[in-house]
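Input: a single structure, listed below in structure tokens.
From a predicted model like this one, the values you see are computed outputs, not experimental measurements. Proteins come first, then strands; the chains are lettered A, B, ... in the order of their sequence lines, and each starts at number 1.
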2 protein chains.
Amino acid sequence: MSKTDSPKATRERLLNEAEALFAEKGYEAVSVREITTAAECNLAAVNYHFSSKWNLYLEVFRERWIPRARRIHAAFRESLNAKEAFSPTDVVEALARAFLEGPLTDEERSRHHQLMAREMAKPSGAFELLAREAMQPFFMEVAGMLHQVGVGSSPAPKDDLFLNILSMMAIVLFYNFARNAVTRITGKPYDEAFRKGLVEHIIRYSLSGMGLQAPARS
Amino acid sequence: MSKTDSPKATRERLLNEAEALFAEKGYEAVSVREITTAAECNLAAVNYHFSSKWNLYLEVFRERWIPRARRIHAAFRESLNAKEAFSPTDVVEALARAFLEGPLTDEERSRHHQLMAREMAKPSGAFELLAREAMQPFFMEVAGMLHQVGVGSSPAPKDDLFLNILSMMAIVLFYNFARNAVTRITGKPYDEAFRKGLVEHIIRYSLSGMGLQAPARS
DNA sequence: GTCTATAGCAGGATAGAC
DNA sequence: GTCTATCCTGCTATAGAC
């Protein structure tokens, strides 16, 4: 890349390519050479801009993952604030839509959940960041909302509410990080049409799972 | 290890330690040196017994993962065969119990699902094996059973049945491969008591999600 | 800020003694 | 079957020219 590109261009390209590669293959499976080649810059650029491969990884979470999580959370809140009052059903639907057809492009969604799944499988330094700054607070916020509107009040313990939300998130995560497997098993391509059907499925499944709606069919 | 150990001992130890390490860290993050140290044998043993690190990885699936999957599937069938007739509810419950309190030890369960999650996130040569030999046939078997007893018949399309089963599997997978994250978020240790509660939760959530049971509370 | 060149080390694999 | 010794490749990281 020529020096006439905007000054931060290299750093930004490195973050982009690094995120894509880390999401796809995992930290150890990606080499600095691979990243700098993809970013069309020199091998030494990673150490210049981020001082180490490991810190580049952390920076991907700080500068890309967390802001994106916040965008999703903001989309969720907005769609609820658009209503004057909301029901538990509204919360679940807003949640599913924010994560599955919210502000992200499809590729961003895939990356986002792949990185998340990898950190959940084997938490590294990045997981603490991710949990503290995004997951934990958002999880509590949603739990509070649902509790306030009557889900998870007695006789159902709050523990149950936690598991209900977790299970819904588990489904959202799964369909995003395991796209290859889903395609292989269902035999259907993971395209726009499939994703649309998924959103409906997940909303219905989660609502019923949480006991918020009578089964659609008996 | 002394030469007086049974002849296959080294090979078996290698498979055991390799599986544990691959499950915990992923293929690339584990070195042959790490495996042979854990197995208390010589560095060259991997190449002697398995010819390459990659083939050791595949062998872990062939000789450990697939047989274990079959044990789970067998436990599932047995618990249904014990009944003279079974309902859709029985199928879901048998499914959950086979995977969550079936024939595996807790550590085996963790390994099993970690390896599975890794292959689903980024399928390698092992995924094709795993899908063809275990997941795909079992998935079809369960779908057939549920369809036969009336789930997923019209007006609900069979596609919906597929997603219903997938989502249940997604939840089972999640709670096993993301134990650290679950513990971090819920604040509860992933112990025997927690697991018992999980089984009940997953059965209830999945049954309702599939529209098989009225919500337990309204 | 970007490059080349290279240090320094860890990785997988193999040859050959025992 | 198991070991030691070693090859060679690829890795991260850094020094220093431009």
Side-chain angles (χ1 to χ4, degrees), chain A residues 1-64 115 118 122 124-126, chain B residues 1-64 115 118 122 124-126:
Chain A
M1 276 291 142
S2 82
K3 297 181 181 184
T4 59
D5 286 335
S6 90
K8 288 209 169 184
T10 297
R11 196 189 138 94
E12 294 303 301
R13 282 201 315 279
L14 279 171
L15 280 169
N16 290 341
E17 300 301 328
E19 182 180 24
L21 287 165
F22 286 145
E24 189 199 338
K25 307 182 172 190
Y27 181 78
E28 331 267 347
V30 178
S31 71
V32 173
R33 283 168 165 82
E34 206 174 348
I35 297 168
T36 52
T37 301
E40 296 178 274
C41 68
N42 190 270
L43 172 60
V46 161
N47 285 283
Y48 175 77
H49 286 284
F50 302 96
S51 83
S52 72
K53 177 192 175 185
W54 176 245
N55 199 52
L56 165 57
Y57 181 70
L58 291 181
E59 218 59 42
V60 162
F61 280 89
R62 282 193 277 257
E63 299 189 33
R64 292 278 192 276
L115 285 172
R118 289 185 190 285
K122 178 152 184 54
S124 73
Chain B
M1 276 290 141
S2 81
K3 297 181 179 182
T4 60
D5 285 336
S6 91
K8 289 210 169 181
T10 297
R11 195 189 139 95
E12 294 303 301
R13 282 202 315 280
L14 279 171
L15 280 169
N16 289 342
E17 300 300 329
E19 182 179 24
L21 288 164
F22 286 144
E24 189 200 337
K25 307 182 171 189
Y27 180 77
E28 332 267 346
V30 178
S31 71
V32 172
R33 285 169 165 83
E34 203 174 350
I35 297 168
T36 52
T37 301
E40 296 179 272
C41 68
N42 190 269
L43 172 60
V46 161
N47 285 283
Y48 176 76
H49 286 284
F50 302 97
S51 81
S52 73
K53 177 192 175 186
W54 176 247
N55 199 54
L56 164 57
Y57 182 70
L58 291 180
E59 217 60 40
V60 162
F61 281 89
R62 282 193 277 258
E63 298 189 34
R64 291 280 191 275
L115 286 171
R118 289 186 190 285
K122 177 152 184 55
S124 71

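- Checking dT14(D), dG12(C), dT12(D) against every side-chain atom of Lys53(B), the shortest atom distance belongs to dG12(C).
- Between the NZ atom of Lys25(B) and the P atom of dG11(C) there is a distance of 10 Å, rounded to whole Å.
- The side chain of Val32(A) lies closest to dT12(D) when the candidates are dT12(D), dT2(D), dT2(C).
- Taking atom CG on Leu43(B) and atom C1' on dC7(D), their separation rounds to 13 Å, with Å as the unit.
- For the pair Thr10(B) and dT2(D), the criterion of a side-chain N or O lying under 4.0 Å from OP1 or OP2 is met.
- Residue Ile35(B) holds its CD1 atom at 11.5 Å from CD of Glu19(B), rounded to the nearest 0.5 Å.
- With hydrogens and angles left out, the side chain of Arg33(A) and the base of dG10(D) share no donor-acceptor pair within 3.5 Å.
- What separates CD of Glu28(A) from C1' of dT12(D) is a distance of 13 Å, to the nearest Å.
- Between Tyr48(B) and dT2(D) there is no side-chain N or O to OP1 or OP2 distance below 4.0 Å.
- Side-chain atoms of Thr37(B) and Leu43(B), non-hydrogen and from C-beta on, never get closer than 4.5 Å to each other.
- Ala44(A) comes within contact range of at least one nucleobase, with a heavy-atom separation under 4.0 Å.
- Rounded to whole Å, the distance from OH on Tyr57(B) to P on dA13(C) is 15 Å.
- One can place CH2 of Trp54(B) at 19 Å from P of dG11(C), the figure rounded to the nearest angstrom.
- Phosphate contact (OP1/OP2 of dG1(C), side-chain N/O of Asn42(A), threshold under 4.0 Å): absent.
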Go through Leu56(A) and Lys53(A) one step at a time and tell me if the side-chain contact (heavy atoms from CB on, under 4.5 Å) criterion holds.
CA-CA 5 Å; Leu56(A) 165 57; Lys53(A) 177 192 175 185; 5.6 Å; no
Would you check, one step at a time, whether the test salt bridge (charged side-chain N to carboxylate O under 4.0 Å, His left out) holds for Arg64(B) with Glu12(B)?
CA-CA 10 Å; Arg64(B) 291 280 191 275; Glu12(B) 294 303 301; 3.1 Å; yes
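- Note on Asn47(A): every side-chain N or O is 4.0 Å or more away from OP1 and OP2 of dT12(D).
- Picking from dC3(D), dC11(D), dT2(D) the nucleotide with the shortest atom distance to the side chain of Ser31(A) gives dC11(D).
- Note: CD1 (Ile35(B)) to C1' (dG11(C)) measures 12 Å, nearest angstrom.
- In this entry the distance linking CZ of Arg11(A) with C1' of dT2(C) reads 16 Å, nearest Å.
- By the 4.5 Å heavy-atom criterion applied to side chains, Glu34(B) and Lys25(B) are counted as neighbours.
- The CG atom of Asn55(A) sits 16 Å away from the C1' atom of dT14(D) (whole-angstrom rounding).
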